[in-house]
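Heads up, the thing below is written out as structure tokens.
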Amino acid sequence: MPTMDPSRTPSPAIPHPESPDPTPSAPGRSRTPWVALGDLVLSTDTLQRLRISRSLTAMLVFAVCIGATEYAQYHGVIALGPARWLQATLLAWVVLIYAVLRSGVNLRFDDPALSLLQILGAQTWVAAAYVICHPFRGALMMLLALVLVFGIFNLSARERRLSNVYSVVLMSAVMLLTAHIHPDSAMLEVVHFVLMATILPVVTVLGAQMATTRAHLKAKKEALEHALQRIQAMAIRDELTGLFNRRHMMEMLEQQIKRQERTGKPFTLCLIDLDHFKRINDTYGHGAGDEVLRHFAEIAQYTLRETDVLARWGGEEFMLMLPDTPADAGSLSIERIRKSLMHAPLVPELPELHVTFSAGLMEFHTGDEMRTAIEHADRALYQAKSDGRDCTRVYA
Ligand SMILES: Nc1nc2c(ncn2[C@@H]2O[C@H](COP(=O)(O)OP(=O)(O)OP(=O)(O)O)[C@@H](O)[C@H]2O)c(=O)[nH]1
């Protein structure tokens, strides 16, 4: 019997077999004999394990078929030779599919679950069983319908069309053959054919509807994921500069304080405020002011180390955190930003526009409190402004 393809995109609405992740032999998980056996039979690779277990579950239907033919031939309803042939080839098919999946040969194919192959195989054996199990062949029509339902969930539109055409051609041939072998049952074959010819188009239409619904839901899911990502980014970032916002900076500060308690290494906290920013807005307009803020953020970030964290604290004020950095080294980083800012054109259309900033630094030590630390940095900044701006002051 065919199995669903775990590697194909699962639909959000239809629970896809891939979703439950059994996570075999997770690190730390005790390897009981059952777990070890499961790993041996089904593989330790999660996706492969899923493919194999789905395939084996579907193959259980074949096992029932083998049992049913055994029962029928035992009671003399069907001939022994054809029954044995059907059982042997079914078993060989199951073993072959398992071997291909377990050995990993399936990974070389576009569809590693081998859905189409398994579905075509199932259709072939249903057709063979239809001829061999002549007295109860009507019941096999249910099995054929089951195979077609598997196709709805696992095959692409093209593959589904192919499998349906294959079904019609094959079943028509075996029905003709059956009518030829048993002329007295020709009328029943006509009924079976009409039933099959009715069911197949319905299944095709249902499959197409399902595919459209799945595509629609997939698109919706992607849009929702995109929106969620945007919301998550907006929750921690400042929209204008793209820097972390004040709230997120506070969280990062808390984390840094915890780290500092463990390592004992001081870190530097710095408040930066652009000088006379109101004048820039008043002279060049709010748009130019925004450009200055954006470019300042870019230049500062480019100059800083990757581990340093710069955030927009509010308005034209920025907070900088320099982990594992004492205040004197922190001052050097600030001076590097100052130098870069002197040479960089902030607004390309306004080459004459330059901006300076004042900075207040404090060195954070174990036992310091966040609120007090920020106050100290603020006081140092106030001092820098009082001392004429365009300079850095360290809280002492
Ligand atoms: N363009 C723009 N301006 C902003 C933004 N946020 C705050 N501002 C402006 O920044 C200016 C800050 O002015 P002040 O607090 O007087 O400070 P300042 O002019 O920089 O003077 P000093 O800090 O004393 O050097 C105000 O005009 C605010 O409107 C923003 O997002 N975009």
Side-chain angles (χ1 to χ4, degrees), residues 229-253 268-304 308-322 327 330-364 370-396:
Q229 274 170 8
R230 264 184 60 88
I231 290 167
Q232 280 168 344
M234 277 163 67
I236 61 167
R237 299 244 172 220
D238 164 55
E239 213 175 348
L240 179 70
T241 58
L243 295 177
F244 289 132
N245 60 23
R246 187 182 184 124
R247 182 158 26 94
H248 191 61
M249 185 60 170
M250 298 284 268
E251 284 170 14
M252 299 209 65
L253 258 174
T268 291
L269 208 56
C270 175
L271 267 174
I272 296 173
D273 188 285
L274 302 190
D275 296 328
H276 299 303
F277 194 68
K278 188 174 178 314
R279 274 195 221 155
I280 293 175
N281 270 339
D282 292 348
T283 316
Y284 300 102
H286 214 263
D290 282 356
E291 276 288 283
V292 169
L293 290 171
R294 244 195 310 265
H295 277 100
F296 170 77
E298 256 175 41
I299 292 164
Q301 273 206 307
Y302 183 74
T303 315
L304 291 165
D308 300 336
V309 184
L310 182 68
R312 187 164 179 208
W313 201 240
E316 83 299 10
E317 208 171 33
F318 298 84
M319 170 70 89
L320 173 62
M321 181 174 75
L322 303 145
S331 294
L332 291 177
S333 296
I334 302 294
E335 291 322 303
R336 270 203 304 276
I337 299 177
R338 203 183 295 287
K339 230 184 222 163
S340 305
L341 202 62
M342 259 168 20
H343 304 296
L346 283 166
V347 182
E349 303 83 53
L350 300 168
E352 76 282 8
L353 174 55
H354 282 283
V355 73
T356 60
F357 66 85
S358 305
L361 252 79
M362 69 80 60
E363 192 175 287
F364 195 103
M370 184 164 75
R371 197 172 49 84
T372 324
I374 295 169
E375 264 176 35
H376 289 171
D378 199 34
R379 259 190 242 172
L381 171 64
Y382 183 79
Q383 192 59 51
K385 289 274 179 188
S386 307
D387 289 349
R389 296 177 174 82
D390 194 16
C391 62
T392 302
R393 292 292 175 261
V394 181
Y395 179 82

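All ligand and atom numbering here is 1-based and tracks the order in the structure.
- Heavy-atom proximity to atom 6 (N) of ligand 1, evaluated over A384, S386, S358, G315, is greatest for G315.
- In terms of N/O distances under 3.5 Å, ligand 1 is approached by L274.
- Looking at heavy atoms from C-beta onward, R312 lies in side-chain contact with L293 at the 4.5 angstrom threshold.
- Using a 4.0 Å heavy-atom cutoff, E317 is absent from the residues neighbouring ligand 1.
- Checking R312, E316, R389 against atom 30 (C) of ligand 1, the nearest heavy atom belongs to R312.
- Contact check for L269 versus L253: side-chain heavy atoms found under the 4.5 Å cut-off.
- Just one residue in the list T356, T303, T392 forms a side-chain hydrogen bond (donor to acceptor under 3.5 Å, both in side chains) with R338, and that residue is T392.
- Between F296 and F357, the ring centre distance stays below 6.0 Å.
- Residue F277 places at least one N or O, backbone or side chain, under 3.5 Å from an N or O of ligand 1.
- The closest non-hydrogen atom to atom 21 (O) of ligand 1, taken over K278, H286, H276, comes from H276.
- With contacts defined as side-chain heavy-atom distances shorter than 4.5 Å, the pair E316/D273 qualifies.
- Given atom 22 (P) of ligand 1, the protein heavy atom at minimum distance is K385 NZ, 3.4 Å.
- Not one N or O of R279 is nearer than 3.5 Å to an N or O of ligand 1, by distance alone.
- Close contacts between ligand 1 and D275 involve ligand atoms 20 (O), 25 (O) [criterion: under 4.0 Å to a heavy atom].
- Taking 4.5 Å as the limit, every side-chain heavy atom of Y395 sits out of range of all side-chain heavy atoms of D378.
- A salt bridge does not link E298 with R294: none of the charged nitrogens is closer than 4.0 Å to a carboxylate oxygen.
- Numbered from 1 in the order shown, with element, the atoms of ligand 1 that lie under 4.0 Å from a heavy atom of G289 read 1 (N).
- Checking R393 against S386 by side-chain atom types alone, no donor-acceptor pair falls below 3.5 Å.
- Neither the backbone nor the side chain of V292 comes within 4.0 Å of ligand 1, counting heavy atoms alone.
- When the options I280, N281, D273 are ranked by their closest heavy atom to atom 29 (O) of ligand 1, first place goes to N281.
- Looking at atom 32 (N) of ligand 1, its nearest protein heavy atom turns out to be D290 OD1, 2.7 Å.
- The shortest distance between side-chain heavy atoms of K278 and I280 does not fall below 4.5 Å.
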